[in-house]
Amino acid sequence: MMRTRPLKVALLGCGVVGSEVARIMTTHADDLAARIGAPVELAGVAVRRPSRVREGIDPELVTTDATALVKRGDIDVVVEVIGGIEPARTLITTAFEHGASVVSANKALLAQDGAALHAVAEEQGRDLYYEAAVAGAIPLIRPLRESLAGDKVNRVLGIVNGTTNFILDKMDSTGAGYQEALDEATALGYAEADPTADVEGFDAAAKAAILAGIAFHTRVRLDDVYREGMTEVTAADFVSARRMGCTIKLLAICERAADGASVTARVHPAMIPLDHPLASVRGAYNAVFVEAEAAGQLMFYGPGAGGSPTASAVLGDLVAVCRNLVGGATGPGDSAYAQLPVSPMGEVVTRYHISLDVADKPGVLAQVATVFAEHGVSIDTVRQQGRQDGNGEASLVVVTHRASDASLSGVVEALRGLDTVRGVASIMRVEGE
């Protein structure tokens, strides 16, 4: 039997995502009620600019006083899509304290203060759901929290930012430089006027912190995630990648150590083999590759941003939270029982592709190889090519076997001290093998 009293929903933010959430709630009200077992009612919408016309939303529901809205006491669920740290953090905490569960798409806040928010939610007996915070419409957080709850996840490797994937894909497919590809992404609306959060890896790092925490049952904060942007990637790097049978992606990588005693979380550009599933992810799409002990290798793929995809994830969480309310239960909360330490980047072991500008004369390769050997870094392949410009320089590309980041840093410092090495053109990790 369907419950007759509607569940009341407060919406914080009514931009691209919020307006789409409101639209779906209205146009699919009957279906949502049937799936939940009770009708849902949009009870209020908090915005900054109330004079703006919002099609399909009753102006009587619009308010600029978000605090008063979440304090009303009759609100069952608060949907937060305003982003940022404050006032979102205070509003979510206040919502819990006044009896509401929360659905959020706020990756930055959850990466920074997810543990504290979960603690308040548990104390108040309320739900905190945030599928839309990572990878847009792609169901990812719920499979990690629920479907794989009985398994042991060892690695999460993914493309979690559509803007950077569009730019790198354009550089790969057309030979464009970074700035040219960024300009096209901006013109098409994939990149913001200020693309820093995307291209410098901040957005992906927040998502990596959330994914690592869920996958490894360990609290991982944004500060724990190593971050390196992709603004220094060049067309020449793609030429080198193709010679190795690779392409370049900005990856979020969360790994459990081989001995299971620690975890790492990092975001950086990397070469990835063309036969790896992530290599074929094009345009502004996202994809996440999960490696679990029993389930094996799983890949989640789809649109990672945009109003409709993100709203789809928000509505999925809203239905789940409302079902819990109807059933008198709460869903899975914070699972950080493992409390594994997060290892620094210096301990991460991977392969490296190093491109050097060197003097074009005998003995240089031997000098370079000696430096690698002295630091315990084994070389896999070497490629040296003289230049036709007559300046006496050559290009030397070294691909290593697996080595720690700290060891490689020692190699690079020593190489820069050689008078035959004119410069380090690029250093890139090789992943996915």
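The line from CG of Leu11 to CG of Leu69 is 9.0 Å long, rounded to the nearest 0.5 Å. Interatomic distance, Ser335 OG to Leu144 CG, rounded to the nearest 0.5 Å: 11.5 Å. Between the CD1 atom in Ile214 and the CG atom in Leu110 there is a gap of 9.0 Å [rounded to 0.5 Å]. If you take CD1 on Ile253 and CZ on Arg429, they are separated by 8.5 Å, rounding to the nearest 0.5 Å. Expressed to the nearest 0.5 Å, how far CE of Met230 lies from NE2 of His268 amounts to 14.0 Å. Taking CE from Met299 and CD1 from Ile138, the interatomic distance works out to 9.0 Å, rounded to the nearest 0.5 Å.
Close placement of the Tyr130 and His118 rings is indicated, their centers lying within 6.0 Å of each other.
Side-chain atoms of Arg227 never come within 3.5 Å of backbone atoms of Gly201 as a donor-acceptor pair (strictly under, hydrogens ignored). No side-chain donor-acceptor contact under 3.5 Å links Arg219 to the backbone of Ala336. Thr400 places no side-chain N or O within donor-acceptor distance of the main-chain N or O of Arg402, the cut-off being under 3.5 Å. A side-chain donor-acceptor contact under 3.5 Å links Asp76 to the backbone of Lys8. A donor-acceptor distance shorter than 3.5 angstrom exists from the side chain of Glu80 to the backbone of Ile82, with no hydrogens or angles considered. Panel note: side chain Arg256, backbone Val153; a donor-acceptor pair is recorded below 3.5 Å. Between the side chain of His217 and the backbone N or O of Gly213, no donor-acceptor pair lies under 3.5 Å. Under a 3.5 Å cut-off, the side chain of Ser101 and the backbone N or O of Phe96 do not form any donor-acceptor pair. Listed for the Glu131 side chain is a donor-acceptor partner under 3.5 Å among the backbone atoms of Leu140. For the pair Thr218 (side chain) and Leu340 (backbone), a donor-acceptor distance under 3.5 Å is present.
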- Message: Set out, in order, the CA-CA distance, both residues' side-chain angles and the distance that settles side-chain hydrogen bond (donor to acceptor under 3.5 Å, both in side chains) for Ser343 and Thr264, then state yes or no.
- Response: CA-CA 5 Å; Ser343 297; Thr264 59; over 6 Å; no

- Task: Just do the side chain to side chain contact (heavy atoms under 4.5 Å, CB included) check on Leu365 and Gln367 with the steps written out, would you?
- Result: CA-CA 5 Å; Leu365 180 56; Gln367 283 186 316; over 6 Å; no

- Task: Check the pair Glu393 / Val358 against side chain to side chain contact (heavy atoms under 4.5 Å, CB included), numbers first and verdict last.
- Result: CA-CA 6 Å; Glu393 289 190 359; Val358 300; over 6 Å; no

- Go through the steps for Val430 and Thr350 under the test side chain to side chain contact (heavy atoms under 4.5 Å, CB included), then give the verdict. CA-CA 7 Å; Val430 183; Thr350 188; 5.6 Å; no

- Query: Would Ile248 and Ile272 satisfy side chain to side chain contact (heavy atoms under 4.5 Å, CB included), going step by step from the backbone distance to the final call?
  - Reply: CA-CA 6 Å; Ile248 299 171; Ile272 190 167; over 6 Å; no

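Checking Thr330 against Asp127 by side-chain atom types alone, no donor-acceptor pair falls below 3.5 Å. Side-chain contact of Thr186 with Asp183: a donor-acceptor pair under 3.5 Å is absent, judged by distance alone. Using a 3.5 Å distance cut-off with no hydrogens or angles, the side chains of Asn106 and Ser104 do not pair a donor with an acceptor. For the residue pair Tyr337 / Gln339, no side-chain donor-acceptor distance below 3.5 Å is found, with atom types taken as modelled.
Across all their heavy atoms, Met271 and Cys246 have their closest contact at CB-CB, 4.1 Å. Pairing each heavy atom of Pro332 with each of Glu146, the nearest pair is CG-OE2, 3.7 Å. Ala235 approaches Gly175 most closely through the heavy-atom pair CB-O, 4.0 Å. The minimum heavy-atom distance linking Ile210 with Lys107 is given by the pair CD1-O, 3.7 Å. Considering all non-hydrogen atoms of both residues, Ala394 and Gln384 come closest at CB-NE2, 4.1 Å. Contact detail for Val267 and Ala208: the closest heavy-atom pair is CG2-CB, 4.1 Å.
Ion pairing of Arg266 with Glu255 is present here, as a side-chain N (NZ or NE/NH1/NH2) and a carboxylate O approach within less than 4.0 Å. A salt bridge is defined here as a Lys NZ or Arg NE, NH1 or NH2 lying under 4.0 Å from an Asp or Glu carboxylate O, and Arg89 with Asp113 meets this definition. The pair Arg416-Glu413 does not count as a salt bridge, with every side-chain nitrogen at least 4.0 angstrom from each carboxylate oxygen.
Side-chain contact between Leu32 and Leu315: present, with at least one pair of heavy atoms (C-beta onward) separated by less than 4.5 Å. Put simply, the side chain of Ser240 reaches to within 4.5 Å of the side chain of His353, judged on heavy atoms. By the 4.5 Å heavy-atom criterion applied to side chains, Arg351 and His401 are not counted as neighbours. Here the side chains of Arg145 and Tyr129 are in contact, with some heavy-atom distance below 4.5 Å. Looking at Arg383 and Leu396, their side chains never come closer than 4.5 Å, going by heavy atoms from C-beta outward. Counting heavy atoms from C-beta outward, Tyr178 and Ile167 have side chains that approach closer than 4.5 Å. The shortest side-chain heavy-atom distance between Ser407 and Phe372 does not fall under the 4.5 Å cut-off. Side-chain contact between Leu7 and Val77: absent, with no pair of heavy atoms (C-beta onward) separated by less than 4.5 Å.
Applying the ring pair (Phe, Tyr, Trp, His ring centres under 6.0 Å) test to Phe166 and every residue at least two apart in sequence or in another chain returns Tyr190. Taking Asn161 as the reference, Thr164, Asp198, Asp203 meet the side-chain hydrogen bond (donor to acceptor under 3.5 Å, both in side chains) condition, with sequence neighbours excluded.
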For residues 275-297, run the donor-acceptor check on the side chains, cut-off 3.5 Å, and write out each pair with its distance to 0.1 Å, sequence neighbours left out.
unit_1: His276; atom_1: ND1; unit_2: Leu278; atom_2: N; d: 3.1
unit_1: Ser280; atom_1: OG; unit_2: Pro277; atom_2: O; d: 3.0
unit_1: Arg282; atom_1: NH1; unit_2: Asp169; atom_2: OD1; d: 3.1

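Atom CD of Glu122 has 12 or fewer neighbouring heavy atoms from other residues, nucleotides or ligands inside a 6.0 Å radius. Other residues, nucleotides and ligands place no more than 12 heavy atoms under 6.0 Å from the CD atom of Glu232. Around the CZ atom of Arg48, the shell of radius 6.0 Å holds no more than 12 heavy atoms that belong to other residues, nucleotides or ligands.
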